[in-house]
Amino acid sequence: MDLSILNDRQLKAVTTIEGPLLVLAGAGSGKTRVLTYRIGHLIDRYDVKPYHILALTFTNKAANEMKQRVAALVGYRAEQITMGTFHSFCLRVLRRNADQIGYRSDFLVYDAGDQRTLVKNVMKELKISEKDISISNAKAVISDAKNKLTSVEKFQDLYRDDYHNKRIGLIYERYQAHLRENNAMDFDDLIVNVIQLFRNAPDVLEYYQHKFKYIHVDEYQDTNYIQYLLVKQLSEYYNNICVVGDGDQSIYGWRGADIGNIRDFEKTFKNAKVVLLEQNYRSTQNILDLANGVIKNNLARRDKNLWTDNAAGDLIQYYRAADGEDEARFVANQIIRGIEGGGAYGEYAILYRTNAQSRSFENAFNRASIPYKIVGGRKFYERMEIKDLMAYLRFVANPSDAVSLRRIINVPKRGIGAQTMTHVEQIAQTRQLSLYQAIAYAVENAALSARAIKGLKGFCDFVQPLIDDRAELTGSEILKAIIEQSGYRDNLEMERTTQAEARLENIDELYNQIVEFEQKNETTELNYFLQEISLLSDQDDIEEDESGQVLLMTIHAAKGLEFPVVFLVGMEERLFPSGRALEDDDGLAEERRLCYVGITRAQRRLYISHAEMRSQYGALRVNQVSRFIEEMPHAIIESHSGTIAARKAQGGKMALNYKRYAAKPLAKVDDNAYKPGMRVHHQHFGEGVVIALNGETTLTIAFDKKGIKKLAVGFAPLRIIEE
DNA sequence: GCCCTCTTGTTCGAT
DNA sequence: ACAAGAGGGC
């Protein structure tokens, strides 16, 4: 392994392998390179067994990338390294040891939406009005408690005399009880329960302490208390812990991240060594100067001096827009100019403070035929139709999952209303049955009104066979049956609205995802899909070959990424910094760090813009320019008068041949249209040749780039290229 | 039980 | 701007 490409500091970080090590890595200073080389070095030079190495990251994408880069250094030996997010690592540990904390190993993971539903149900049960305590508040307080390892008992004890929190304590208690009953955990529980497991079963802790001789943590500045505790415990035996991070990039305080973890590393881990990485390889000098100008306004930070050998580069481009639409047009116009000058769409990223800002850019890009992709935002798995179908899947996988059952029992409408469900619940109570058993009982004994029974029977008749045969059926088969037999597809098709059309597309997309998942993981078991799916993050959605699209995302979502050209938009007071953050100094400091993260994503060219007026909450609001712009060194900023040019371009070429978002739904093909030998195009897999028709429903297709896949006719987004 | 209309709050960020 | 909830008519 060749270490000569490393600079002195990087080399020191890579070769310091015993004891605690803190790598303070400024933006773009090659921290991923340090981590990968360090791991490679351990394996290659010191013959450390890959099995003994643990590396924790914040996104699966970061973990995968690291794994690939280590593999490039040490080949197959990279396979046995344990690499993943905190949450996926904990998930694996818990699946192995669930019984020791009173869970079945096939427990479910509730995502943010499920959590919300559960909190809501619990509040209804406790007769607490949403006007007294908002769901999001209850959820946030509970999550906060968990991240501080405050149990229900401790929480209730703590707030004995606090009316508001006392009631949240009751919600917390019932919330946890329901999770238990449903054999489910939320995201926070994944980590809390591992810590619990280590307490209950010291032998399990010891096993992992001995297994992981070398531990690495990426983005350490964003770890919270329980994550710190986890890392601390795991590293206690060998004490070989290497954390990498940058206090200036800590942007998850609101999620419980404690910047103190990185600040106090040398205190909590005795005899820790520290390496500072200050040379930036990513950005131009001007971009770095701009970033430094902003971040130096934060007090109480560990001062570092980020420098680069790179040229000064372009000046920072500044645009003052009349309103949000004008800002979006300006951005679109700059991109078109860049493309005409030989650039590629994939070089551009639009970074904003809030997801709601994406809309004006979508409009402008659609009009200008600029291909784009929104990362994050209304997340795929949070969409109504996807949640409905996921609830069906979960219910089939686990018929005692009452939360899922409640969601879908009347979706699509079967004439089963609140009244009927109250009766069913009474039956469940008196006869000590699960909700679904109570429904089955009611149907069998005609225990309710004829109309209710008819609806319930219709439901049972189609789900029961799926439940009975779930072990033999693949996940995708079950999903397909649900979509067709529940009437979900028919209902949407009858609606004939663009919204329903989009939902149908999403349903097809879900089907594709499960098929893809089954192929990638070589297992078709439904449970496996359900178990993994909840941990996917936004960044995981960014595919490598999506270089032909402008990316739009929040600055938070851009963490760890880099782009040749960045537009940092909406730089206005009360938007960025956000109005809520201004309530306290810590909040403002975190906004400023967020600004620093945004600026340092740019490699070559950076645009900053703000709008004098912007419609928010449906009303026009006048916003002042962000204080962060005031803090920037104005000498390196070039003011743009692009308005007129932008207007001209708008009147110019505006062909509507936009691909991804304006695309017609591709399903609904004639089932008999396909023949072996035909050349087809798939939305995700690209071009391929049909090899065989399997019965009436599936095609076997050899894709040029993605290998051989079996796809369902009518579902897969396919079109025929040549016959 | 379902559908329509009106009112209300929502949005800062996410594994 | 938009979605979810309340309330009334059917």
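The chains referred to below are lettered A, B, ... by the order of the sequence lines, with proteins before strands, and numbering in each begins at 1.
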Name the orientation class of the two ring planes belonging to [X] and [Y] (parallel below 30°, tilted from 30 to 60°, perpendicular beyond 60°).
X: A/Y208; Y: A/F89; answer: perpendicular
X: A/F517; Y: A/Y528; answer: tilted
X: A/H556; Y: A/W254; answer: perpendicular

### Message
Applying a 4.0 Å non-hydrogen cut-off, can you work out what A/S615 is touching in the nucleic acid: base, sugar-phosphate, or nothing?
### Response
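Here A/S615 touches no strand at all.
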Decide yes or no for [X] and [Y]: does some side-chain heavy atom of the first lie under 4.5 Å from some side-chain heavy atom of the second?
X: A/K31; Y: A/E219; value: yes
X: A/Y372; Y: A/N366; value: yes
X: A/V109; Y: A/L190; value: yes

Taking atom [atom2] of [N] as reference, at what distance in whole Å does atom [atom1] of [X] sit?
X: A/Q115; N: B/dT15; atom1: CD; atom2: P; result: 13 Å
X: A/K146; N: B/dA14; atom1: NZ; atom2: P; result: 20 Å
X: A/M123; N: C/dA4; atom1: CE; atom2: P; result: 17 Å
X: A/L594; N: B/dA14; atom1: CG; atom2: C1'; result: 13 Å
X: A/Q357; N: C/dA1; atom1: CD; atom2: P; result: 16 Å
X: A/L575; N: B/dG13; atom1: CG; atom2: P; result: 10 Å
X: A/M384; N: C/dA3; atom1: CE; atom2: C1'; result: 11 Å

### Message
Of the listed nucleotides (B/dA14, B/dT15, C/dC2), which one gets closest to any side-chain atom of A/F187?
### Response
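So the side chain of A/F187 is nearest to B/dT15.
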### Query
What nucleotide among C/dC2, B/dT15, B/dG1 has an atom nearest to a side-chain atom of A/R359?
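Nearest to the side-chain atoms of A/R359, counting from C-beta on, is C/dC2.
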Will you find, in the side chains of [X] and [Y], an N or O donor that is under 3.5 Å from an N or O acceptor?
X: A/N298; Y: A/D248; answer: no
X: A/Y228; Y: A/D258; answer: no
X: A/N147; Y: A/N224; answer: yes

### Query
If you pin A/T420 and A/S143 to their nearest nucleotides in DNA chain B, which one's is more 5'?
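Upstream on the strand: A/T420.
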### Query
Looking at A/S88, does any N or O in its side chain come under 4.0 Å of the phosphate oxygens OP1/OP2 on B/dT15?
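False: A/S88 side-chain N/O out of range (4.0 Å or more) of B/dT15 OP1/OP2.
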### Task
Mark yes or no for whether A/E573, through its side chain, and A/R627, through its backbone, hold a donor-acceptor pair below 3.5 Å.
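Yes, because the side chain of A/E573 sits within donor-acceptor range (under 3.5 Å) of the backbone of A/R627.
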### Query
Do side-chain atoms of A/R96 reach the backbone of A/R92 as a donor and acceptor pair under 3.5 angstrom?
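Absent.
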What N/O pairs connect the protein and nucleotides 5-12 of chain B at under 3.5 Å? Give each pair on its own line.
unit_1, atom_1, unit_2, atom_2, d
B/dT11, O3', A/R580, NH2, 3.4
B/dC12, OP1, A/R580, NE, 3.0
B/dC12, OP2, A/Y617, OH, 3.2
B/dC12, O2, A/R353, NH2, 2.2

N/O-N/O pairs, protein side and nucleotides 5-10 of chain C side, under 3.5 Å:
unit_1, atom_1, unit_2, atom_2, d
C/dG5, OP1, A/K120, NZ, 2.4

Check the interface with nucleotides 2-4 of chain B: list each N/O to N/O pair with the protein under 3.5 Å, or write none.
unit_1, atom_1, unit_2, atom_2, d
B/dC2, OP1, A/G415, N, 3.1
B/dC2, OP2, A/N410, ND2, 3.4

